[in-house]
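Side chains included, hydrogens not; waters and symmetry mates left out as well; all remaining heavy atoms used.
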Amino acid sequence: MSDGPLHCLVTGATGYIGGRLVPELLEAGHRVRCLARSPQKLRDYPWTGDTEVVKGDVTDAASVAAAMEGVDVAYYLVHALGTGDDFEETDRRAARIFAERAAAAGVRRIVYLGGLTPAGVPERELSPHLRSRAEVGRIFLDSPVPATVLRAAVIIGSGSASFEMLRYLTERLPVMVTPSWVHTRIQPAAVRDVLRALVGSAGMPPDVDRAFDLGGPDILTYQDMMVRYAAVAGLRRRLILPVPVLTPGLSSHWVGVVTPVPASIARPLTESLRHEVVCRENDIERYVPPPPGFPLGFDAAVRLALQRVRDAQVATRWSSASVPGAPSDPLPTDPDWAGGSLYTDHRSLTVDAPPEALWRVIEGIGGDNGWYSFPLAWAVRGWLDRLVGGVGLRRGRRDAARLRSGDVLDFWRVEEIVPGRLLRLRAEMRLPGLAWLEMYAETDEAGRTRYRQRALFHPHGLAGHAYWWSVSPFHAVVFGGMARNIAKAAARQPSEPEAPPRQARSA
């Protein structure tokens with residue numbers, strides 16, 4: 001077992017687990033290199049300056065080979081779920097490339113976080129999500145590089161998709177008509193224990209080449225989890241009425257209506273709950289012994305996660321990763337862009353406040369603070385997006401006051417942020433084109449604070465042009481009202497901002 005520092009490659013560093021694993025590896029004394037399709041998304045993470053970030057994609061053998069140079073341990077924390085009907089083939093191809101390039105580079109170990117599969121259930125009967133994860137694990141175990149395949153069921157931690165689904169279902173519905181899978185037994189794991197196992201796996205002896213089940217000390221049904229969540233959160237006891245008629249597809253839409261988790265992500269989560277997912281062994285503790293008080297029980301994990309949510313100290317969220325199918329094209333920088341039409345709506349106002357106060361309003365937009373204009377119109381637009389399979393308006397924000405590049409902001413994502421000056425958002429809603437929203441805090445020639453706002457839309461085909469002209473009559477109300485209300489909110493800001501909360505440990 002290696003006791004010295006290792007050089008670790010982390011894929012999926014912009015995702016929920018990867019974004020939390022990197023600082024844990026650094027704290028353990030390891031060197032970290034991150035492979036990211038969009039390195040700029042990692043620019044504002046507090047640990048970025050202590051890592052090496054390289055551009056690449058796990059489906060591109062050349063970029064994977066370059067990222068593997070000099071690496072001791074390679075973490076595989078990505079999957080292609082939701083990228084199309086052929087996501088299993090994409091997962092398969094990416095895993096093979098990763099394993100082959102790791103072997104060629106002399107990597108000592110691959111560490112993969114997959115899903116816990118039910119005992120005695122033929123693989124063909126598993127959900128596509130679990131089936132693909134099981135296959136990826138096999139590919140790594142069949143490769144010449146020793147592999148640690150960790151298999152976890154539900155991960156409980158602030159910002160995880162499973163926790164957010166549980167939280168919103170329980171908090172919003174005192175009486176629930178639920179699918180039959182609420183009686184399925186599950187062995188949830190706290191995110192702290194998952195991260196501890198991932199970090200500890202880096203130092204396993206060379207002869208360890210196997211999968212490990214990963215779970216906490218409690219085995220519960222989903223109904224038990226909702227009842228216990230309500231107790232920990234101080235809610236009244238929930239009335240839960242299971243019915244057998246809700247299929248996984250209907251369940252996912254039901255979850256999508258009640259929670260911020262869209263149906264495209266809720267479906268694999270609910271499909272995975274059809275079968276019992278309970279650990280068959282606990283051998284991981286032979287190689288990664290738990291400290292006193294660990295692994296965390298369900299109630300303790302929920303208590304910690306809720307505290308992080310209430311203290312606005314959520315390090316990463318399920319929405320940290322890019323949404324499959326969402327637009328990712330950056331805003332054209334050439335004002336006379338030759339790529340086609342680029343419609344704009346421009347607003348500019350003098351603000352009776354210092355630029356710092358205006359910036360605090362801009363950076364705090366969205367989530368619980370809203371969008372400063374016509375709330376019903378924003379809500380309807382969000383509901384329409386959910387109806388056509390989009391992310392909707394309710395993803396909220398990771399932090400109530402601070403934003404960083406790559407953050408989700410309701411149905412937008414932060415494409416660029418220049419603190420104190422510019423916030424550019426890229427739309428991830430379903431649109432016949434690409435859309436951006438820019439907000440600037442500036443000072444004019446006379447020294448006055450000026451707020452400038454631009455909405456931009458690049459239409460795709462005739463439908464895109466028709467969309468722009470159909471909504472343009474409402475821009476004066478939506479975008480005009482937004483600019484005026486942001487200016488008024490800035491004028492009401494206190495002279496000194498509150499100190500930001502300190503960074504918290506993962507939970």
Side-chain angles (χ1 to χ4, degrees), residues 17 79-82 85 87-88 91-92 112-139 141 149-156 160-166 169-170 176-191 193-194 197 210-229 240-256 259 261 263-284 295 298 301 318:
I17 292 292
H79 59 93
L81 180 68
D85 294 337
F87 82 88
E88 290 181 83
D91 269 339
R92 184 179 305 119
Y112 169 59
L113 178 61
L116 186 60
T117 54
V121 177
E123 196 166 289
R124 64 180 180 276
E125 294 182 15
L126 297 177
S127 69
H129 164 66
L130 276 182
R131 187 170 61 234
S132 181
R133 292 205 159 191
E135 183 182 18
V136 168
R138 280 201 312 276
I139 289 171
L141 291 173
V149 175
L150 300 176
R151 302 185 299 200
V154 171
I155 296 177
I156 301 297
S160 77
S162 295
F163 177 73
E164 291 288 281
M165 190 171 98
L166 173 68
L169 284 175
T170 309
M176 285 177 270
V177 177
T178 59
S180 57
W181 49 253
V182 297
H183 289 313
T184 301
R185 293 202 315 158
I186 306 159
Q187 192 165 352
V191 69
D193 291 314
V194 173
R210 54 163 292 187
F212 295 89
D213 290 352
L214 200 58
D218 298 312
I219 298 174
L220 308 164
T221 66
Y222 204 88
Q223 179 170 330
D224 294 335
M225 290 168 61
M226 289 190 284
V227 169
R228 288 174 65 165
Y229 176 94
I240 300 169
L241 306 172
V243 294
V245 295
L246 287 177
T247 65
L250 288 174
S251 295
S252 64
H253 287 292
W254 169 68
V255 170
T259 81
V261 181
S264 59
I265 294 176
R267 177 152 191 159
L269 294 178
T270 55
E271 284 182 333
S272 300
L273 296 172
R274 287 184 299 163
H275 302 292
E276 180 175 285
V277 276
V278 174
C279 296
R280 296 181 289 276
E281 42 82 10
N282 191 32
D283 296 348
I284 187 67
F298 176 80
W318 61 271

Output yes when a side-chain donor or acceptor of Asp91 lies under 3.5 Å from a complementary backbone atom of Ser132, and no otherwise.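 Such a contact is absent between Asp91 side chain and Ser132 backbone.
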Under 3.5 Å, is there a donor-acceptor pair between the side chain of Thr170 and the main chain of Tyr229?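 Flag not set: sc Thr170 to bb Tyr229 has no pair under 3.5 Å.
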Quick one: does [X]'s side chain get under 4.5 Å of [Y]'s, heavy atoms only?
X: Ile284; Y: Leu150; result: yes
X: Val278; Y: Asp213; result: no
X: Leu214; Y: Pro295; result: no
X: Met226; Y: Leu166; result: yes
X: Ile186; Y: Leu220; result: no

For Asp283, give me all partners under side-chain contact (heavy atoms from CB on, under 4.5 Å), at least two apart in sequence or on another chain.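 Expected list: Arg210, Phe212, Glu281, Arg286.
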Set of side-chain contact (heavy atoms from CB on, under 4.5 Å) partners for Glu125, sequence neighbours left out: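 Glu125: side-chain contact (heavy atoms from CB on, under 4.5 Å) contacts with Val121, Pro122.
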Partner residues of [X] under the salt bridge (charged side-chain N to carboxylate O under 4.0 Å, His left out) criterion, sequence neighbours left out:
X: Arg185; result: Glu276
X: Arg133; result: none
X: Arg280; result: none

Side chain to side chain donor-acceptor pair (under 3.5 Å) contacts in which one or both residues fall within residues 219-228, not counting sequence neighbours: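 Side chain to side chain donor-acceptor pair (under 3.5 Å) check on residues 219-228 returns Thr221-Asp224, Arg228-Asp299.
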